[in-house]
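This report concerns only the one structure given below.
First the proteins, then the strands, lettered A, B, ... as listed; each starts at 1.
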Amino acid sequence: MSDLPPTVKGMNDILPPEVSKWQFVEEKARAVLEAFAYRELRTPILEYTPLLVRSVGEDTEVVEKQMYTFADRDGQSVSMRPENTASAVRAYIARSQWNREPVTRWYYLGPMFRHERAQRGRLRQFHQVGAEVFGLASPAIDAEMIAMLVALLAEMGIKSSDLEVAVNTLGEPEERASFREALRGYFSHHLDKLDEDSRKRLQTNPLRILDSKDPDIQALAVNAPVLLDSLGEASKRHFEAVLSHLSALGIQSVVDTKLVRGLDYYTGTIFEVKAKLGDLGAQNALGGGGRYDRLVSSLGGPEVPAIGFALGVERVLLALAEPAEDFEPVLALFIAVLGEKAQAWALPVAHRLRMGGVRTELEHRPASLKSQLKRADALKARLALIVGDNELQSGKLLLRDLATRQQHEVTEAELAAKIRQLVDF
RNA sequence: GUGGACGUAGCUCAAUGGUAGAGCAUCGGACUGUGGCUCCGACGGCUGGGGGUUCGAUACCCCUCGUCCACCCCA
């Protein structure tokens, strides 16, 4: 045992019953996103590194320190996707999607990879459900997206009262640039109060100083310039419209002017949904996203506005208090057989029932009836079919309801109908 | 990348410088073809790995691997 190599750090096997909870979340995600008329997009897990560097941003933490990057056998640098927006945009451009339809709505679901130190709610292979819309600039779609994210969580069983929806706007790149200078000016006057990290950020990305968790810096940030003040009329109007659409949709949200996203491609509206309850540690952001109106063109496509979000599946799972066992599928029937004749009889019978949609487990080990019923009980089967020489001779099978302990005598011909009658599915 | 805690049976955890134990789970029996409760029994461990101190290490020391928590960052 001890010489068995473990899984790669931060990457886990997911087994039953836990996997049932995953399936539940994935099914709900698909159902809601399909209801919003999104279609599924599947892109490769590996992308050429420059695509990711150019979209996510060269100076971001993700690109600098977290990507799984290596040389392919032909020498090309490839990376495992740390997020899926870059791939979606690549596919959008490569397939000339903008020529085929004015508006494209895609969703995706799958593993992402970031080489970080693992902790609660943060793994190196983690999973996201995400959605992207291309071709819409209206603030209404910003609000719709946020509402969709909240609806997604609601369907999964996380009430909106357990959520905090934070929104902010980054404005146009030009507006952000002037704000960045304003921030530099402000913090430069307080250099002595900044820690090492923040001083570094003063050069690279002063916006990040705002969401520092250091109390001293937070105190300093209170009086810092506010981005909203640097915005032009158009940006302000857009953001205000988003807010009013959100309240029309009944979404409780808070404007968090310190909210900054870690990926460079964001412009305009950004948002984040945090869980107030649940079993999450410090990583309580369930999902987040925003507008990236310049990304399509900066990667060589036309000027198409876009917006999207990603939801962390592991974090949703943590926020969902219900135990994984509750999501397991119901076993309708356990077939207990006594003797070789019964065994031989049961194999094709079980097969037909299964083809008819009856979830059935057939005992293949020679075992006492007692232990077979124990097994049926442990599997939480609803019914047990008991077949031995007596039943085969009389043609009357014993169908036992494991909850009520009632036993019904049925013929083979009646079996399927009787099962349906006793188990509602 | 930084700081800290912890690795003993499938799981949750004991043990003390004297060579490993309980509960749960699993399997069997009491109950010969009738499950959940009870009782009895069995299975199960190179105490994460390596090195050191010692007559003797699960315990003390060092290294390593892993897990967890927090920072950073993010989903």
Are [X] and [Y] close enough for a salt bridge, meaning some N to O gap below 4.0 Å?
| X | Y | result |
| --- | --- | --- |
| A:Arg294 | A:Glu174 | yes |
| A:Arg184 | A:Glu181 | yes |
| A:Arg90 | A:Glu47 | yes |
| A:Arg114 | A:Glu83 | no |
| A:Arg291 | A:Asp142 | yes |

In whole angstrom, what separates [X]'s [atom1] from [N]'s [atom2]?
| X | N | atom1 | atom2 | value |
| --- | --- | --- | --- | --- |
| A:Leu331 | B:G35 | CG | P | 19 Å |
| A:Leu338 | B:U32 | CG | C1' | 12 Å |
| A:Asn390 | B:U32 | CG | P | 15 Å |

Pairwise [atom1] distance for [N] and [M], with rounding to whole Å:
| N | M | atom1 | value |
| --- | --- | --- | --- |
| B:U16 | B:U8 | C1' | 14 Å |
| B:C43 | B:G10 | C1' | 12 Å |
| B:A22 | B:G51 | C1' | 33 Å |
| B:C40 | B:C46 | C1' | 31 Å |
| B:G18 | B:C24 | P | 28 Å |

Does [X] reach the main-chain N or O of [Y] with its side chain, forming a donor-acceptor pair under 3.5 Å?
| X | Y | result |
| --- | --- | --- |
| A:Gln372 | A:Ala367 | yes |
| A:Arg81 | A:Pro111 | yes |
| A:Arg354 | A:Thr360 | yes |
| A:Asn168 | A:Leu259 | yes |
| A:Glu175 | A:Leu170 | no |

Base-pair string, RNA chain B, Watson-Crick plus G-U, cut-off 3.5 Å on both distances, | for inter-strand, is (((((((..((((....[..)))).(((((.......))))).....(((((..]....))))))))))))....
Donor/acceptor link under 3.5 angstrom from [X] side chain onto base of [N]:
| X | N | result |
| --- | --- | --- |
| A:Arg122 | B:C68 | no |
| A:Arg114 | B:A75 | yes |
| A:Gln372 | B:U34 | no |
| A:Glu391 | B:G33 | yes |
| A:Arg117 | B:U2 | yes |

Q.
If you assign A:Ala118 and A:Thr404 each to the RNA chain B nucleotide with the nearest heavy atom, which residue ends up on the more 5' nucleotide?
A.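 Between the two, 5'-proximity favours A:Thr404.
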With nearest nucleotides of RNA chain B determined for A:Gln119 and A:Gly287 from heavy-atom distances, which residue corresponds to the more 5′ nucleotide?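 Nearer the 5' end of the strand: A:Gln119.
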Would A:Trp345 and A:Glu412 count as having a side-chain donor-acceptor pair, cut-off 3.5 Å?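 Short answer, yes.
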- Flag for A:Asp13-A:Thr7: side-chain donor and acceptor within less than 3.5 Å: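 The criterion, which ignores hydrogens and geometry beyond distance, is not satisfied for A:Asp13 and A:Thr7.
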Students often get this wrong, so: under 4.0 angstrom with heavy atoms, is [X] touching a base, only sugar-phosphate, or nothing?
| X | answer |
| --- | --- |
| A:Ala376 | nothing |
| A:Leu123 | base |
| A:Gly121 | base |
| A:Leu263 | sugar-phosphate |
| A:Asp389 | base |
| A:Gly10 | sugar-phosphate |
| A:Gln66 | sugar-phosphate |

Of the listed nucleotides (B:C68, B:U34, B:G33), which one gets closest to any side-chain atom of A:Gln407?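 Side chain of A:Gln407 sits closest to B:U34.
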Residue A:Leu402, side-chain heavy atoms: nucleotide from B:A75, B:G33, B:G35 that is nearest: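 Nearest to the side-chain atoms of A:Leu402, counting from C-beta on, is B:G35.
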Enumerate all atom pairs, one protein N or O and one N or O from nucleotides 27-31 of chain B, separated by less than 3.5 Å.
| residue | atom | partner | partner atom | Å |
| --- | --- | --- | --- | --- |
| B:C31 | O2 | A:Lys370 | NZ | 3.3 |

Is it true that, when you exclude A:His351 itself, more than 12 heavy atoms of the residues, nucleotides or ligands shown sit nearer than 6.0 Å to its NE2?
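Open.
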Contacts to RNA chain B from residues 32-41 of chain A, heavy-atom cutoff under 4.0 Å, which residues?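 Output list: empty, so none.
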